[in-house]
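Chain letters run A, B, ... following the sequence lines, proteins first and then strands; every chain starts at 1.
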Amino acid sequence: MSVVNNNPERRRFLSGAFMTLGLTLGLGAMGTRFMQFLMPDVTAKKSSEILLGKADELSGDGAKFFDIAGKKVALMQSGEGFTAYSRICTNLGCLVSWDNANDQFHCPCHNGIFDRNGKNISGPPPRPLDQYEVVKRGKSVYIKLDVA
Amino acid sequence: METTETKATENKTFWQKTYDMAQEEIPDHLNRFSYCLGATPLILFVILAVTGILLTFYYIPFPGQAYNSIKTITEETYLGWFIRGVHQVTVNLMVLALLLHIIRVFITRAYRDGGGLKWLLGAGLFFTVLAFGFTGYSLVYDNVSYWGMTVVTDMIRQIPVVGEPIFLLLRGGEDITELTLLRLYDLHTKLLPLLIVLLIGAHIIAIRTLGFAKITKHQGTHPFFPGHGLKMLAMTVMLLIVIVNLAAIFPPTMGEPANPLVVASDVSPPWYFSAIYRWIIIAPREAGLFSVFAFFTLFTIYPYIDRGFSDRGANMLRVNLAIGLIVAIFFATMTIWEALV
Ligand code: FES
C-alpha cells in the first residue's frame, strides 16, 4: 500500500473543505427547520356557505360591505343575482370603498379605481378585484368562503 | 508604528493596552465635520437603544392593547411623552445622518478601499435601520401605521422569488393578525437589534483593519484620545441638546386607532419613505415596483459596478457626481411632491 498523495497543503485543503461543507449542511438543515417552524400554514381551508341574508334586504344600489370570518366582502346586485367581490385591493392590499357618485370602487392608498364589475380601470391595480361565489336558494343569499 | 511596540505589548497591563488603543493615530481629516458622520449614528444608536428599552417596559404588543399602551405612555406616564419623543426624533436624525454619510462616501468614492466590504456592511446597516423604522412605525398601531404595515408587507410580497415566503413569515399568515404585530415587535426589539449590533461591530472592525478612508489632501494623523475623543464627546452633547429640543418642540402624537375595516384617510409614510411612496403612485405598477427593487440592488452592489467601469477607464468621480445629483434631485422632487398633495 502506498500513499497516493502526501501533500500537506492538499490535506489541509481537503479537511478544510469537508469541515466547511459539513458545517454548511448542518447549519443549513437547522436553519431550514427553524424557518419551517416560523412559516405559517396557508393550505386552503375548506370552503363553506355562509348566509348573507334575504335577497330583498340585500338588493339596492351600490355595494354592501360585510366582514365575514375576517374576509372583507363587497356585495353588489347585478340584474337578478348578486356578485361578491373581495374588498382587498389587488395593488398592495388596502380596502376599496364604494364611490356612489361615480359608480365605482375606489382605493385610497394609491388611487386605484375599479368599475362596478370589479374591473381595474385606473391607477396601479394590476388585475380586477377577486370574486366570491354567491348562491341563491329561494329567498336566501349565501356566499362561499374558505374558512378555518 | 506597530513594529516598535509589538514586543512591549506582551508585558503591559490591561489598562496600559486600553490606553494605547485610545492613543492610536487616526487621520486628520476625521476632524472635519463631514467626516464625523460615521460616529454620529453610533451615538444615536445608543440613545435609541436606551429609550427603546425604556419603552418596552410599558408597551403591550397585542392588537387590542398596543394603541392604548402607547396612548398611556404618551399622555399619562410621567415623562412618557419625552421618552417616546426622544426615540422618535432620534430615528429621524439617524436616517438623516446615514443618508448624509452615504452621500459623502458615494461622492468621494470612499467605498473602494477594502474591496467594497465596508460599503456592503454599511448598506446592510442602512437597510436594517429602515427595517427598524418600518417595524417601529407599525408598533404604534394607529390607523396610518396599520395600513402602512399592510401596504409595505404586500410590497415585499412582490419581490421576485423570495417575496412570498418573507411576506408570510412577516405576517404569520395571509392576513394581518395579532401574530403580525407580535412578529414585528420581536423583530424590532430582538432580532433587528441583534443584527444591527453584529453589523456595527463588523463595520467598525472593517474600518479598523482595512483603514479609514484615505483622502489625498490631508495626510497628517493625530491620536484618538484626547483630541478625537473630546470631539466625539462634543458631538454627543450637541446631539443631545438638539434631540431634547426637537422632542420638546415636536412632541409625539397619535392618530386614530387601527381599524381593519376603514382605510386611513391619509396613509402617507414617514418622510424617508415619501419619495418611494409617491413614485409607486405615479409610475405604472410593475415598472414602479421593479424600479424600487432594482434601485436598492444597484445601490448595494455599487462598488463592484464602479470597479467594472473604472477598469474600462471611465471617470467615476464625474459619473458619481452626476448620478448623485440625479438621484438627489429625483428624491427631493418626489418628497416635495408628496408633501404638497
Ligand atoms: S393598495 Fe389599492 S391602489 Fe395601492
Discussion item. If you define the side chain from C-beta out and look only at heavy atoms, does anything of A:Ser86 sit under 4.5 Å from A:Tyr132?
Written reply: yes

Item to complete: Could you have a look at B:Arg278, B:Met155, B:Arg157 and say which one has the most heavy-atom pairs with chain A under 4.5 angstrom?
Response: B:Met155

Discussion item. Tell me yes or no: SG of A:Cys107 and SG of A:Cys89, less than 2.5 Å apart?
Written reply: no

Worksheet item: Is any NZ, NE, NH1 or NH2 atom of the basic residue among A:Lys71 and B:Glu174 found under 4.0 Å from an Asp or Glu carboxylate oxygen of the other?
Response: no

Discussion item. If we define contacts as heavy-atom pairs under 4.5 Å, which of B:Gly173, B:Ala283, B:Gly288, B:Pro284 has the most with chain A?
Written reply: B:Gly173

Discussion item. Is any side-chain heavy atom of B:Glu338 closer than 4.5 Å to one of B:Thr335?
Written reply: no

Response to the item:
Okay, B:Arg183 and chain A: the region with an atom under 4.5 Å from a heavy atom over there is side chain

Worksheet item: Quick one: of A:Gly70, A:Pro126, A:Gly112, who has the most non-hydrogen atom pairs under 4.5 Å with chain B?
Response: A:Pro126

Worksheet entry | Contact class of B:Ile280 relative to chain A, heavy atoms under 4.5 angstrom | both

Worksheet item: B:His188 vs B:Phe132 aromatic rings, parallel, tilted or perpendicular, using cut-offs 30° and 60°?
Response: perpendicular

Fill in: Most chain A-contacting option - heavy-atom pairs closer than 4.5 Å, from B:Thr153, B:Asp175, B:Thr177, B:Val263
B:Val263

